[in-house]
Amino acid sequence: MLLLQPESIAKFTVLNKPLPPLEPGDYYFNEQGLMVFTAKYHLKRGYCCKSGCKHCPYGFRKNQESKPKP
């Protein structure tokens, strides 16, 4: 498992676009010490990564992907 420090996140790019810089309120560390992004950060990033993030403001849930659509 890869753990990143907040200052390291800004160095990563997704779809050849730099990720927005982290600010207070964009993330927190859970009881296991893992960084969890807030809905505020996901909205600032501007798209859904379809990873089933805990605070996804786009409504994506991993288990929805495998369910047949009515």
Side-chain angles (χ1 to χ4, degrees):
M1 175 170 47
L2 176 66
L3 295 178
L4 298 173
Q5 296 300 317
E7 57 275 4
S8 301
I9 298 293
K11 296 178 184 177
F12 285 85
T13 60
V14 177
L15 303 174
N16 296 321
K17 295 180 186 177
L19 294 174
L22 291 174
E23 299 173 349
D26 285 346
Y27 66 93
Y28 61 91
F29 290 97
N30 67 11
E31 296 81 24
Q32 292 79 33
L34 300 173
M35 181 186 285
V36 179
F37 291 111
T38 62
K40 174 187 167 190
Y41 181 76
H42 290 295
L43 289 170
K44 183 167 60 170
R45 187 177 63 191
Y47 63 91
C48 180
C49 64
K50 299 192 178 186
S51 294
C53 299
K54 181 175 183 174
H55 300 291
C56 180
Y58 302 103
F60 182 83
R61 298 288 177 258
K62 275 191 171 186
N63 59 355
Q64 288 178 343
E65 189 174 41
S66 60
K67 289 182 181 177
K69 298 195 179 196

Trainee: Please answer whether the main-chain N or O of Leu22 pairs with a side-chain N or O of Lys44 as donor and acceptor at a distance below 3.5 Å.
Mentor: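 Checked: no pair found.
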Trainee: Step by step, would you call Cys56 with Lys50 a side-chain contact (heavy atoms from CB on, under 4.5 Å)?
Mentor: CA-CA 9 Å; Cys56 180; Lys50 299 192 178 186; over 6 Å; no
Trainee: Following the transitive rule for hydrophobic clusters with a side-chain heavy-atom cut-off under 4.5 Å over Ile, Leu, Val, Met, Phe, Trp and Tyr, establish whether Val36 and Phe29 coincide in one cluster.
Mentor: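 No, Val36 and Phe29 fall in different hydrophobic clusters.
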Trainee: Looking at every heavy atom in both Tyr41 and Asp26, which two are closest together, and how far apart are they?
Mentor: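 So the two residues come closest at CB-O, 3.3 Å.
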Trainee: Do Leu19 and Phe37 sit in one hydrophobic cluster, given that two such residues count as connected whenever their side-chain heavy atoms are within less than 4.5 Å of each other, even indirectly?
Mentor: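 Yes, Leu19 and Phe37 fall within the same hydrophobic cluster.
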Trainee: I'd like to know whether His42 forms a ring-ring contact (aromatic ring centres under 6.0 Å, His included) with Phe60, so could you lay out the CA-CA distance, the side-chain angles of the two residues, the decisive distance to 0.1 Å, and finally the verdict.
Mentor: CA-CA 12 Å; His42 290 295; Phe60 182 83; over 10 Å; no
Trainee: To the nearest 0.5 Å, how far apart are CZ in Arg45 and OH in Tyr47?
Mentor: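 Separation between the atoms: 4.5 Å.
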